[in-house]
Undergrad: 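Quick one: the structure is below, and I'll ask about it shortly.
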Amino acid sequence: MAKATTLPGEGQILVNIDDLSMMKNIKQAISQLKGVGKIVMPRRKRLSRYEQAMLDVKEGRVYEYDSVDDFFKEMGL
């Protein structure tokens, strides 16, 4: 005896995109496919200034100077 299975009425596909500049084009291309309903793009969480500063430290985007005078020399002031 054969058993029939039914497909769900709605499915999802999760796509990770490396080049965020292509996001709009990819969204347009997917929306033109037959059977595509709604496309939802999650919003990225905005980091607080403190969280951004901690991320800068973690990723090495900081500069150290021996004195304020050295800093001003580096800035050309």
Side-chain angles (χ1 to χ4, degrees):
M1 181 162 126
K3 190 174 191 178
T5 57
T6 58
L7 296 175
E10 184 176 304
Q12 292 182 344
I13 295 176
L14 177 63
V15 178
N16 292 324
I17 299 169
D18 293 329
D19 185 1
L20 295 180
S21 67
M22 295 298 296
M23 186 77 84
K24 184 178 178 184
N25 294 338
I26 292 170
K27 180 181 174 185
Q28 287 175 346
I30 291 173
S31 67
Q32 293 177 4
L33 295 173
K34 183 178 179 181
V36 172
K38 168 172 95 168
I39 298 176
V40 178
M41 296 181 2
R43 292 183 178 234
R44 292 176 26 185
K45 179 186 174 225
R46 291 192 121 190
L47 298 177
S48 69
R49 289 182 182 184
Y50 175 76
E51 291 169 325
Q52 182 63 49
M54 295 310 295
L55 184 62
D56 287 343
V57 170
K58 181 180 176 184
E59 295 183 0
R61 293 187 298 252
V62 293
Y63 302 95
E64 292 185 25
Y65 298 96
D66 293 329
S67 68
V68 173
D69 293 329
D70 291 341
F71 169 74
F72 286 134
K73 262 189 228 175
E74 184 74 26
M75 294 293 121
L77 302 173

Undergrad: Quick one: pull up CE in Met23 and CD1 in Ile17 and give me the separation to the nearest 0.5 Å.
TA: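 Between Met23 CE and Ile17 CD1, I get 4.5 Å after rounding to 0.5 Å.
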Undergrad: If you compare all heavy atoms of Ile39 against all heavy atoms of Lys27, which two are closest, and at what distance to 0.1 Å?
TA: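 Where Ile39 meets Lys27 most closely, the heavy atoms are CD1-O, 3.5 Å.
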Undergrad: With hydrophobic residues grouped by side-chain heavy-atom distances under 4.5 Å, do Ile26 and Leu33 end up in a single group?
TA: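 Same cluster.
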Undergrad: Atom CG in Asp69, atom CD in Glu74: separation rounded to 0.5 Å?
TA: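 One gets 13.5 Å once the value is rounded to the nearest 0.5 Å.
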Undergrad: What pair of heavy atoms forms the shortest contact from Val36 to Ile30, and how long is it?
TA: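 What the structure gives for the nearest pair is CG2-O, 3.4 Å.
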Undergrad: Please check if the number of heavy atoms outside Asn25 that lie under 6.0 Å from its CG is greater than 12.
TA: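 Buried by this count: over 12 neighbours within 6.0 Å.
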Undergrad: Considering only heavy atoms from C-beta outward, does the side chain of Gln52 approach that of Asp56 to under 4.5 Å?
TA: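 Result yes, sub-4.5 Å side-chain heavy-atom pair found.
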Undergrad: Is there a continuous path of hydrophobic side-chain contacts, each under 4.5 Å between heavy atoms, that joins Tyr50 to Leu47?
TA: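 They do not share one cluster, since no chain of ILVMFWY contacts under 4.5 Å joins Tyr50 to Leu47.
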Undergrad: Can you measure from CE (Met54) to OG (Ser48) and round to the nearest 0.5 angstrom?
TA: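 With rounding to 0.5 Å, CE (Met54) is 10.5 Å from OG (Ser48).
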Undergrad: In this structure, would Val68 and Tyr65 fall into the same cluster of hydrophobic residues linked by side-chain contacts under 4.5 Å?
TA: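 Val68 and Tyr65: one cluster.
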Undergrad: With a 6.0 Å cut-off (strictly less than), is the heavy-atom count around CZ of Arg46, excluding the residue itself, greater than 12?
TA: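 No, the 6.0 Å shell around CZ holds no more than 12 heavy atoms from other groups.
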